[in-house]
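See structure below.
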Amino acid sequence: MKSIEWLGNALRILDQSKLPVEILYRDAVSYESVAEAIENMEVRGAPAIGAAVAYGFVLGALEYQGDRDGLPSFMEKVQSRLAETRPTAVNLFWALRRMEDRLRECWDMDDLDDVRRVLTEEANRIAEDDRRMNRLIGEVGNEIVPDKANILTHCNAGALATVEYGTALGVIRSAHLAGKMIHVYADETRPLLQGARLTALELLEEKIPVTLITDNMAGYLMQQGKIDLVIVGADRIAANGDTANKIGTYSVAVLANAHGIPFYVAAPTSTIDLKVANGQEIPIEERPANEVRECFGVSVAPEEVKVFNPAFDVTPAKYITGIITEKGMVTAPYSVNLLKLMVRS
Ligand SMILES: CSC[C@H]1O[C@H](OP(=O)(O)O)[C@H](O)[C@@H]1O
């Protein structure tokens, strides 16, 4: 299953908010439609969001009907709309910056179609870079996965969260393909159940042994000695290694640390944000209350109850054993080693 697919003049989106009950694709032909798909989490996952906004930017340029001089101000409107969709995943802003840089380099191009071609090529490169990075993350991460390992993962950092293959699930795929007899415990990941709905689906589809658990079972499994390592994805990694990821990741990290279990983050370098010194500076998205009060439209709480619904939390670097990237694995001291990694070609 692909999260998104570029059709040349539209972005085909697999509506993940309907999975696994319904496999529903829709073809977005406007930047507004892509923006809404991100806000509604039809497309979600940091790298997938990055690629989606890149193609949303291209759709904006395709929609533009004015003369060449008016394009820059129109594209500023497109950029602002896409940038306001979700605040935490840095890949969104990393991709937008690449598209804006490309647009600026087209300043001397008179033909709008030439500009559109250049922007499309850049969006395709962003998507291809993600495919390449995820495979490399899988290779690097496979080195730390023992044969017969029981791996806990949280949320969905799989093919559905990226353009292809996944990050945390990319490591799991690579270990499985290397013939290791691994087994995965997938946290269901309340409130939107990305683990139950998406991770379980991906792993079952590839016959990777998986057991679904509720989030509050992770500690018990660790206490019973059933977890050998934890691998999760990331939405933004600060310069000191503090990592924002799906809500509940911090709790898993603290529990893993308490039980002496290695805790790994798998992410492309497009998720590392050296401009953010530490986790306190990472914006945490708060989402609608009904995502907690309801489950697939069924009320699970009184409609008048007050709700707090942060979509992410931050795991301090001290709980992270290693950060697995396409350029290699980074360990503490992260402030030094992340900087070295980012300047490495
Ligand atoms: C490979 S990054 C996946 C990352 O994104 C998820 O968040 P969301 O489903 O809200 O987009 C979650 O934090 C995953 O770890």
Side-chain angles (χ1 to χ4, degrees), residues 2-15 25-133 162-164 235-236 268-276 283 285 342:
K2 285 184 179 178
S3 57
I4 58 170
E5 184 182 359
W6 179 243
L7 303 178
N9 57 2
L11 182 64
R12 178 155 294 168
I13 293 171
L14 170 58
D15 182 349
Y25 291 91
R26 71 180 179 82
D27 295 347
V29 294
S30 68
Y31 72 91
E32 177 59 29
S33 177
V34 172
E36 288 169 8
I38 294 169
E39 286 170 336
N40 299 333
M41 294 180 64
E42 294 172 27
V43 55
R44 35 66 51 196
I49 291 171
V53 296
Y55 285 117
F57 198 86
V58 173
L59 287 171
L62 291 172
E63 285 174 79
Y64 177 66
Q65 296 298 315
D67 59 26
R68 176 67 179 89
D69 295 344
L71 182 67
S73 57
F74 180 81
M75 293 308 292
E76 278 172 21
K77 193 174 66 165
V78 173
Q79 189 275 346
S80 305
R81 178 66 183 101
L82 292 168
E84 71 182 14
T85 51
R86 296 188 74 191
T88 306
V90 71
N91 311 61
L92 189 159
F93 308 98
W94 167 83
L96 272 182
R97 199 161 38 250
R98 277 184 58 167
M99 298 307 289
E100 291 168 270
D101 290 351
R102 215 15 130 235
L103 179 61
R104 265 192 293 279
E105 289 165 10
C106 296
W107 62 274
D108 59 348
M109 281 185 183
D110 296 329
D111 187 326
L112 277 171
D113 285 338
D114 287 343
V115 177
R116 290 165 177 144
R117 177 180 43 75
V118 168
L119 293 177
T120 303
E121 288 167 356
E122 186 63 16
N124 288 335
R125 265 193 294 274
I126 287 171
E128 190 47 41
D129 284 349
D130 190 59
R131 292 187 191 95
R132 176 183 54 81
M133 290 193 284
T162 63
V163 176
E164 188 179 87
D235 291 82
R236 193 180 304 220
T269 48
S270 50
T271 307
I272 297 169
D273 184 358
L274 294 182
K275 290 195 303 301
V276 168
E285 176 187 12
M342 292 305 274

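Residue numbers start at 1 and run along the sequence shown.
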About how many Å separate [atom2] of [Y] and [atom1] of [X], when rounded to the nearest 0.5 Å?
X    : Y    : atom1 : atom2 : value
M41  : T85  : CE    : OG1   : 11.5 Å
R86  : N40  : CZ    : CG    : 10.5 Å
I49  : F93  : CD1   : CZ    : 9.5 Å
D130 : R125 : CG    : CZ    : 15.0 Å
I4   : T162 : CD1   : OG1   : 9.0 Å
F57  : L82  : CZ    : CG    : 8.0 Å

[X] and [Y] ion-paired at < 4.0 Å:
X    : Y    : answer
R44  : D235 : no
R132 : D129 : yes
E121 : R117 : yes
E105 : R102 : yes
E164 : K2   : no
R12  : D27  : yes
E100 : R97  : no
R81  : E39  : yes

Among D114, D113, T120, find the one that has a side-chain hydrogen bond (donor to acceptor under 3.5 Å, both in side chains) with R116.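 The single option meeting the side-chain hydrogen bond (donor to acceptor under 3.5 Å, both in side chains) with R116 is D113.
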For a quick test of reading the model, state the closest non-hydrogen atom pair linking [X] to [Y] and the distance between them.
X    : Y    : value
A61  : L119 : CB-CD1, 3.7 Å
V118 : C106 : CG1-SG, 3.6 Å
V90  : I272 : CG1-N, 4.4 Å
N91  : S270 : ND2-OG, 3.3 Å
L112 : G66  : CD1-O, 3.5 Å
A95  : V53  : CB-CG2, 3.8 Å

Would you please test L103 and Q79 for side chain to side chain contact (heavy atoms under 4.5 Å, CB included) and show each step? CA-CA 11 Å; L103 179 61; Q79 189 275 346; over 6 Å; no
E63 side chain to Y31 main-chain N or O, any donor-acceptor pair under 3.5 Å?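 Yes, E63 side chain to Y31 backbone: donor-acceptor pair under 3.5 Å.
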Between D101 and R104 (side chain of the first, backbone of the second, donor and acceptor by atom type, cut-off under 3.5 Å), is there such a pair?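 No: the side chain of D101 does not pair with the backbone of R104.
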Given side-chain hydrogen bond (donor to acceptor under 3.5 Å, both in side chains), test R26 with S33 step by step and report yes or no. CA-CA 10 Å; R26 71 180 179 82; S33 177; 2.9 Å; yes
Applying side chain to side chain contact (heavy atoms under 4.5 Å, CB included), run through T269 and M133 and close with a yes or a no. CA-CA 8 Å; T269 48; M133 290 193 284; 4.2 Å; yes
Evaluation steps, side chain to side chain contact (heavy atoms under 4.5 Å, CB included), between I126 and W94: CA-CA 10 Å; I126 287 171; W94 167 83; 3.9 Å; yes
Got V115 and L71 here, is their nearest side-chain heavy-atom distance under 4.5 Å?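 V115 reaches L71 side chain to side chain.
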CA sep, side-chain torsions, deciding dist, call: E42, L14, side chain to side chain contact (heavy atoms under 4.5 Å, CB included): CA-CA 7 Å; E42 294 172 27; L14 170 58; over 6 Å; no
Return the orientation label for the Y55 and W6 ring planes: parallel under 30°, perpendicular over 60°, tilted otherwise.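 Parallel: the ring planes of Y55 and W6 meet at under 30°.
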